[in-house]
S.K.: 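Got a structure for you, written out below as structure tokens; questions coming shortly.
Labels below follow one simple rule: chain letters A, B, ... track the order of the sequence lines, proteins then strands, and each chain is numbered from 1.
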Amino acid sequence: GESVGLHLPTLSVQEGDNSIINCAYSNSASDYFIWYKQESGKGPQFIIDIRSNMDKRQGQRVTVLLNKTVKHLSLQIAATQPGDSAVYFCASHSNSGYALNFGKGTSLLVTP
Amino acid sequence: GAGVSQTPSNKVTEKGKYVELRCDPISGHTALYWYRQSLGQGPEFLIYFQGTGAADDSGLPNDRFFAVRPEGSVSTLKIQRTERGDSAVYLCASSLTLAGGRNEQFFGPGTRLTVL
């Protein structure tokens with residue numbers, strides 16, 4: 001079966017620095033990946049997605065990079081702010097195409 | 001507009017009891033999903049509805065778990081004979097159903113279930 005996992009469980013950065021959160025996936029057939037942000041007591045919130053025919057996609061202050069060769073993706077957050085403190089999950093669609101497979105999550109802590 | 005809502009936000013029950021968790025999806029979203037999130041873990045898929053029918057219930061852990069969506073909008077997740085291992089946050093999500101199948105899922109805040 002597919003597994004989606006994260007390299008580091010916690011990441012602490014200073015306000016204003018850039019953050020990089022990494023994720024590895026095992027199913028080479030995965031063709032769609034999403035990053036979610038989850039704040040305490042809330043449901044996951046969509047940040048950015050990328051399809052497997054792309055290797056980079058940019059949003060507002062966020063960039064997702066996809067390396068299909070090593071089955072790795074990363075989320076880069078520019079100029080990290082205290083409001084970015086949360087748990088970040090990468091997810092991919094299952095073979096069915098609708099159910100999401102989530103990794104364990106990385107806790108990002110932004111210190112002033 | 002309103003997002004996905006879930007009630008109750010917290011539910012404490014005793015082992016062996018029956019519970020119902022409710023999800024109100026975003027108006028117009030035909031697809032509805034239930035996930036379960038244990039402490040320190042990512043959400044795990046339970047069941048997916050397309051309209052009124054359960055298109056995929058392969059994530060339900062056993063026959064104590066059941067979900068319905070009789071009118072294609074509100075959904076109820078039902079758990080019989082609850083066990084302590086059922087304690088988790090139960091998340092509901094909804095999405096449009098567009099061609100390609102890769103549609104953004106909007107999550108509710110979840111129901112935190114504690115089985116004593």
S.K.: When rounded to the nearest 0.5 angstrom, what is the spacing between NZ in A:K42 and CG in B:L91?
M.R.: 14.0 Å

S.K.: Surrounding CG of B:L39 (heavy atoms of other residues, nucleotides or ligands, distance under 6.0 Å), is the total greater than 12?
M.R.: no

S.K.: Determine whether B:Q41 and A:F89 make a side-chain contact, defined as any pair of heavy atoms from C-beta on separated by less than 4.5 Å.
M.R.: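 No, too far: nothing below the 4.5 Å cut-off.
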
S.K.: Between B:F45 and B:F49, is there a shared hydrophobic cluster once you connect ILVMFWY residues whose side-chain heavy atoms come closer than 4.5 Å?
M.R.: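 No.
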
S.K.: Side chain, backbone, both or neither: which part of A:Q38 has a non-hydrogen atom closer than 4.5 Å to chain B?
M.R.: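 For A:Q38, the contact with chain B is made by the side chain alone.
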
S.K.: Count I, L, V, M, F, W, Y as connected when their side-chain heavy atoms are under 4.5 Å apart, and connections chain through other members. Are B:F106 and A:Y36 then in the same cluster?
M.R.: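 Per the 4.5 Å side-chain linkage, B:F106 and A:Y36 are not co-clustered.
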
S.K.: Are the side chain of B:Y35 and the backbone of A:L100 linked by a donor-acceptor contact shorter than 3.5 Å?
M.R.: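 Yes.
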
S.K.: Look at atom CZ of B:F65 and say whether more than 12 heavy atoms of other residues, nucleotides or ligands are closer to it than 6.0 Å.
M.R.: yes

S.K.: Below 4.5 Å, heavy-atom pairs only: which of B:A93, B:G110, B:P109, B:P43 has the largest tally toward chain A?
M.R.: B:P43

S.K.: Before giving the answer on ring-ring contact (aromatic ring centres under 6.0 Å, His included), spell out for A:F46 and B:F107 the whole-Å C-alpha distance, their side-chain angles and the decisive distance to 0.1 Å.
M.R.: CA-CA 9 Å; A:F46 174 94; B:F107 283 82; over 10 Å; no

S.K.: Check for me, please, whether A:W35 and A:F33 land in the same ILVMFWY cluster - side-chain distances under 4.5 Å, paths through other members count.
M.R.: yes

S.K.: Are A:V64 and A:Y25 joined in one hydrophobic group, where the rule is that I, L, V, M, F, W and Y side chains link up if heavy atoms are under 4.5 Å apart?
M.R.: yes

S.K.: Can B:D56 and A:Y98 be said to form a side chain to side chain contact (heavy atoms under 4.5 Å, CB included), step by step?
M.R.: CA-CA 10 Å; B:D56 183 354; A:Y98 42 78; 3.0 Å; yes

S.K.: CD1 of A:I34 to CD of B:Q105: how many Å apart, nearest 0.5 Å?
M.R.: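 These two atoms lie 7.5 Å from each other.
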
